[in-house]
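First comes the structure, then the notes that go with it.
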Amino acid sequence: MSFIINLPLFTVILGLVAVVLTSFLNGKISKIINIVVEITAIVFGILVTIYTSKNGYVEYQLGHLAAPFCNQIRFGPYEGVLAIMIPLVMLLSLLAGDSHAKRDIVPNKIHSFYTLLDLALVALIAIVYTDDIFTGFVFLEISTLSSVGLTMIKNHGRQIAAALRYMIINLLGSGLFLLGCIFIYGETGYLSMTYIQGKITEIFASNQSVVGLTIAFTLISIGLSVKSGLFPFYFWMGDTYGENTTTASSVLSGLISKGYIILLIKFIYRTFGINNVLQTSLLDVLFILGALGMIFGSITAIRQKVINKMVSYSSAAQIGYVFLGIGLGEVGLVAATFHILTHALCKPLLFSTSNRLIDASGKRKKFANLKGTGYADKIAGIGFTIGSLSMVGCPLLAGFISKYLFVTESIMDMSTTTGKVKAIITIIALVVSTLLNTIYYLRTVMTIFNTNREETFELKRNKYDPMFVISTICFIALIFALGMFPSSIISLIEQGIALLG
Amino acid sequence: MNILVLFPLVIVVLGIVLYFLKSKKKVLDILLIITTSISLIFSLILCFFDNNLKIELFRITTELIVLFKLDLISKIFIVLFSFIWLLVSIFSLKYMDKEENVNKFYSYTLLTLGCIVLLSLSGNLITMYLMFEMVTLASMPLVMHSKTKESKKAALKYLFYSLGGAFLGLISVVIGILYSSNGGEFILGGSLVALSSSNKIAIQIALLCGLIGFGAKCGAFPLQSWLPSAHPVAPSPASSLLSGVITKAGVIAIIRIIFYSFGTSIIAGSFVQYTWEVLLLITILLGSSLALFQKNIKRRLAYSSISQLSYILLGISSLTEEGFCGSILHVLSHAFIKVGLFLIAGFLIYQYDIHNVDEMEGMGKKAPISMWCFTLFSLALVGVPPFGSFFSKWYIALGSINSGLNFFNYFGAVVLLISAILTACYLLSISIKAFFPKNKEGLKREKEPLLMVIPLIILVSSVFLVGIFSSYLVDLLISVIGGGL
Amino acid sequence: MRNNIFDENIDLLKDVGEDVTEIEKNEKEEVTVLLPPKARKRILKQEEKTLRVFYIISAAICFIFLIGVLLICVTYLPLFGNGTSNVTLNEIVKEYIENGIEQTGATNFVTGMILDYRAFDTLGESFVLFTAVTCVMILLQNFQDPDEPKIERIKMFNDRILRYTASILVPLIILFGAYVILNGSISPGGGFSGGAIMGAGLILYSLAFGFDETNKFFNIKFFKTITSISLLTYCGCKAVSFYTSVNGPVIHAFGIPGAIFSGGFIFILNFCVGLVVACTMFGFYLLFKKGEI
């Protein structure tokens, strides 16, 4: 038995210790602690991924008894990839938004900001690794509360209103999720995912009523999709993401909303079992909502007059892509996961660069005022362009590969009528949403590189910020890497999905 | 020697270098000419190599390979592109005196050249799609060079239609890769396997998506409206490239999809061929008739491009040897003619600030050489015998008649004739106005810049040469292509 | 009123300037801007009213629908406590009841479950509390500019009866809280309930004797030290326990079931949880009452 199997536990414990430490140390040291924890988490994640891709999944008991009696975490390559992605993106967005955090947050509260970031990291990693629905719920709550804290960290009127709205929506989601968990426990008597799946398969195979389980799954998927911002529930995104400080909006949109989706994936594949879920028609509902989200999210984004809100609402469309992939069933999961990675890399890049562009125009956020800012801050301009192109699905960038995967995987299953209908809907939704993406992203790119200014104010040249430059370059490099050499990541994800079951 | 196939990368690199070069215009000029000459020289050298020279750049996944390959079609296209780029560059040396940001303009021209040459050299579907997108992105800044509100809008429209079309095309690319035996590598006759009655219809629909999607680049019917708004706003050298050459990217893509990837058998006689044919005939009539009503010269030429490009696609859609040869001939002659016409329009803007047809009165006396060229080009576009376009139209009409589509056999030929008459109306009326003005007073000959006239003369003679060597070209094409149809 | 966040926010809103106000202006107002102010107000009010009625009705319909669905669902759930459902008929319950004392050393099965079998969840829960405190502190803790004079606090109402009663009750309450915490592994109770009792005692003390009196021993530093040490101890204990249970050697420090120091780590963990809960409760009270600990 290798020492590496202890590393997921260590990541969580280390994160929790860091949370406690950052709560009473000052801002600077907190930041260093945070960075150290994130780098360690990345290294641990890589080791876990390498180990599990060779030796298969690991079930790690937390307590002196095995699974159904004590808590348990379970990890394979799938969890490993996600556990690398989360701290990596968090580290880069922390660096990218460092100067903004100093500006936006009151000095004696900045250490709390790092505490919340750490909590979010721990919660997400625990959600990724967990094999117990109640552990999932507890860490879901931590991520909810920390994300509400991150929303109001700027302590600004609109931000507090946004946080209130976000909290109500989120707690509604948590409540529904908890109800779902209670239903599952009532029906099966287990909390461990593996055993629940066994019991549920038994119930589905026998002639017992499955209404309770169907309702449980419905409640859980509604709860998690409300929290992550699926189609009818995305109206809170604009204020929550758009008006916030850079790091917070990057983490909220890039990672935390994805954490809920990851938990939903774990519920579908680990708790219920995909074959049982397919007997209900819930995946189809998620599929349709995802397709609608792709289109309506983009339309909402087009209607925005402010760059930040446009980037925020585009998240709604991207979440729609992921749910579309989930709705395609087992074939679409690779695409959905890959899109989670892609979006987690692109969105922080877009947020950090767009905030720099806003700085360059003297905190004016309207599109009309952003003309020529791409030249005032060249790195931000290039970063925004690359991020936009990736979102649009330009080849050689990560976005293209995920769209390619969506198309190929949707037409894999053409034998049934549902498969055909889904393939057609997928393709139509992809085409429409790509066109809409093209409109609003490239319109912005053309605006920021337009030197034909009529405005009266002068553009400011941003102060050179090495942290921002480094993180932007890293983001761009990662987007290119995912776009040009995705085969190893895709094979890891495929291997991981095979081990999920 | 496989590495030679990658020579366009040098052009791309030089293009990027030019972007950051802030030296005098003379230096930029010399660099531009040198780079385009390099491209032409390399293209000519490549013509002497065997077909099937290929190089694998890198693998994205196991089935997605970036691969470049040389064959007859790519040889024809790279020589055509490099040659025209050189001529347009020579023309733009003078023209760009009056414009700003010369280095950026040159840089984007070279980037577009590199990308479009790579597009014609691409060896499988995914590489082709990749380079197709690159061409769109690289040529977009050319449209919005003047940075006015109108040009921005036009550029966005161009981008929207091209990328949207390309995304429709992606569906066919994906299907092509999934159902091919060799990962979508181009082989004459196609590489489709596993045809059953159930998936045949899916493949046909995907192919139709691809035809419409990639057709957007050459202004085929449902997605044509970007062309007349994007071409007039660009600087004239750019609009000549856009209208005459970059639109051919769509032609390449469609040739590759039909003849080299899916094979003709899957659409021959099916609803796909009929639908496509109908769309193309609509485009031809639409383009020609709308061109009649345009006052702006460049807009009129852009509409004319819409109909002319659909001739090319019509030739391809007949799926016959004659049609295909006619298409390739028409690619050549249309490129020469349309580039020439746009350059003359640019010359008029540069020298006399003339934008509209009505202002052309008496220009034949002021600038006889260019107006004579204009008349010759117009005659060529109408399809008067010694020019290349006569032969190309002849072959396209033959192909259409032999295509075996019951009703469309003769309908295609008739539409060609009608469109030729319309072409004569909208182009020759300009010449008449220019040479026979109402009041002849005060008109005397003015000097025409040599750098602008030389490319025009070369282009006119090229159209002649295409006509003269048409039989040779047709033989060559049939000897290589003939087996695959 | 003391300066609170809303006063600050008004200033901040002013700073942001034109952009925000422009966004605030919605199209409806732009249309009605030409009308005289009174008519404009009336129109806006009317529209708002219809919108609000619509909103309330639709919300009520959704609400009733959801409740109906959930009530119907409940009838499909297995009956509670009849001994035939999966919850009562499975090996977990049996294992906990039959071997619980041997495996955890705690005679109180609930405590054994919370702090031993499912200790990872409880670790998470105590951090949920911690997160909540952090968020409330961000929201309510005042940022005092060192240059500005300190704002006068409101003096508490000096109530004799309350003081007299409190002086008798508070020690008893806190003692009882400590008892509940310490006996967590033996009798009903434990960290969460004991901590809540202690927190209540502290709140009563502060109500009766004023903030200055509590400030003598309970300031921000004290609060942070106590919670940090408790949470760190918790993390450390559980890390050791989890690590050794997988990699060995297994620690068997259970003591005698029924004695106070039984249950190995459970005693320490109960203590930590109790302290965290007590501090959190009292901290919340202070933050909401006066905006600082």
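Given the structure is predicted, the values throughout are model-derived calculations rather than measurements. In what follows, chains are A, B, ... by sequence order, proteins preceding strands, each numbered from 1.
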Minimal non-hydrogen separation, [X] against [Y], with atom names:
X: Glu133(B); Y: Gly393(A); result: OE2-O, 4.1 Å
X: Leu435(A); Y: Gly164(B); result: CD2-CA, 2.8 Å
X: Met484(A); Y: Phe58(B); result: CE-CZ, 3.6 Å

Per-residue contact mode, [X] against chain A (heavy atom under 4.5 angstrom):
X: Ile177(B); value: side chain
X: Leu156(B); value: both
X: Met131(B); value: neither
X: Leu170(B); value: side chain
X: Phe160(B); value: both
X: Ala166(B); value: neither

Among residues 422-429 of chain A, residues within the sub-4.5 Å heavy-atom range of chain B, in order of number, are Ile427(A)
Checking heavy-atom separations under 4.5 Å from chain B, one finds in residues 475-483 of chain A Gly483(A)
Practice problem: Determine, stepwise, if the pair Leu430(A) / Phe167(B) fulfils side chain to side chain contact (heavy atoms under 4.5 Å, CB included). | Solution: CA-CA 9 Å; Leu430(A) 272 175; Phe167(B) 207 76; 3.8 Å; yes
Glu56(B) atom CD: more than 12 heavy-atom contacts under 6.0 Å
yes
Report, as yes or no, whether the 6.0 Å neighbourhood of atom NZ on Lys153(B) holds more than 12 heavy atoms from other residues, nucleotides or ligands. no
ask   = Relative to chain B, which segment of Val432(A) carries a heavy atom at a distance below 4.5 Å: side chain, backbone, both, or neither?
value =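 The answer is neither part of Val432(A).
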Bottom line for Thr447(A): the part with an atom under 4.5 Å from chain B's heavy atoms is both
**Report entry** Audit row: Leu137(B), Leu389(A), side chain to side chain contact (heavy atoms under 4.5 Å, CB included) steps and yes/no
**Finding:** CA-CA 10 Å; Leu137(B) 290 178; Leu389(A) 287 177; 4.1 Å; yes
Which value, rounded to the nearest 0.5 Å, describes the distance between [X] atom [atom1] and [Y] atom [atom2]?
X: Tyr404(A); Y: Tyr129(B); atom1: OH; atom2: OH; value: 11.5 Å
X: Thr408(A); Y: Leu178(B); atom1: OG1; atom2: CG; value: 6.5 Å
X: Cys394(A); Y: Leu163(B); atom1: SG; atom2: CG; value: 8.0 Å
X: Phe449(A); Y: Lys152(B); atom1: CZ; atom2: NZ; value: 12.5 Å

Within a strict 4.5 Å, meaning less than it, do heavy atoms of the Ile126(B) and Phe400(A) side chains meet? yes
